[in-house]
A.B. asks: 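Please read through the structure below; I'll follow up with questions.
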Amino acid sequence: PVIAQPQQLSHDEAVATHAPAVVVSSWMPEEDWTAVWRAQPSVRAYVVLGECDGGQSGLPWETWGVRPSECFGAADADLPPPPWLVGPEPAADAVPPFQAD
């Protein structure tokens, strides 16, 4: 069997280089990588494993659609829609982000 050598790539380099259909991320840092994945035409879905409401895996609003006031007590009345609700029309079979407890 052919065994590929590991590559040390950032998340954005990896999706640009390998054009995956699905991205799986575990405990994303306190930033939102999903915007890069949504912009990659090959990516049909992504799975983010980790805590959704404390900034421990992505950002609450941008990644998960959880309002900051639900996490940190911050004001959020003027928040724009989460980025995954704006932009190009999603594919007909696109599934919005969801959380499982």
Side-chain angles (χ1 to χ4, degrees):
V2 176
I3 299 175
Q5 293 298 313
Q7 295 178 313
Q8 189 166 355
L9 302 172
S10 65
H11 74 96
D12 49 342
E13 291 172 325
V15 295
T17 301
H18 297 287
V22 177
V23 176
V24 177
S25 173
S26 177
W27 295 95
M28 181 188 322
E30 193 173 336
E31 54 189 82
D32 181 43
W33 293 352
T34 65
V36 171
W37 304 339
R38 287 189 306 276
Q40 173 68 12
S42 69
V43 175
R44 304 277 301 147
Y46 55 86
V47 178
V48 179
L49 304 172
E51 188 177 342
C52 68
D53 58 357
Q56 299 297 316
S57 192
L59 298 173
W61 184 246
E62 293 84 349
T63 306
W64 300 96
V66 175
R67 293 183 171 281
S69 62
E70 296 172 26
C71 304
F72 310 113
D76 56 19
D78 297 331
L79 283 175
W84 39 265
L85 285 180
V86 295
E89 188 66 29
D93 60 349
V95 177
F98 67 92
Q99 307 164 38
D101 291 327

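Not measured: the values here are computed from a predicted model.
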A.B. asks: Under the 4.5 Å side-chain heavy-atom rule for ILVMFWY, direct or indirect, which residues accompany V24?
C.D. replies: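 Grouped by the 4.5 Å side-chain rule, V22, V47, L49 form the rest of the cluster around V24.
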A.B. asks: Please set out all donor-acceptor pairs under 3.5 angstrom arising from side-chain atoms of residues 11-19, sequence neighbours excluded.
C.D. replies:
{"unit_1": "H11", "atom_1": "ND1", "unit_2": "W37", "atom_2": "NE1", "d": "3.2"}
{"unit_1": "D12", "atom_1": "OD1", "unit_2": "S10", "atom_2": "OG", "d": "2.4"}
{"unit_1": "E13", "atom_1": "OE1", "unit_2": "S10", "atom_2": "N", "d": "2.9"}
{"unit_1": "E13", "atom_1": "OE1", "unit_2": "S10", "atom_2": "OG", "d": "3.2"}
{"unit_1": "T17", "atom_1": "OG1", "unit_2": "E13", "atom_2": "O", "d": "2.7"}
{"unit_1": "H18", "atom_1": "NE2", "unit_2": "Q7", "atom_2": "OE1", "d": "2.6"}

A.B. asks: Show your working on side-chain contact (heavy atoms from CB on, under 4.5 Å) between V23 and Q40 and close with a plain yes or no.
C.D. replies: CA-CA 11 Å; V23 176; Q40 173 68 12; over 6 Å; no
A.B. asks: Ignoring hydrogens, what is the shortest heavy-atom contact between E31 and M28? Give both atom names and the distance.
C.D. replies: O-SD, 3.2 Å
A.B. asks: Between S25 (side chain) and V48 (backbone), is there a donor-acceptor pair under 3.5 Å?
C.D. replies: no
A.B. asks: What are the two closest non-hydrogen atoms of S42 and P20, and how far apart are they?
C.D. replies: OG-O, 2.8 Å
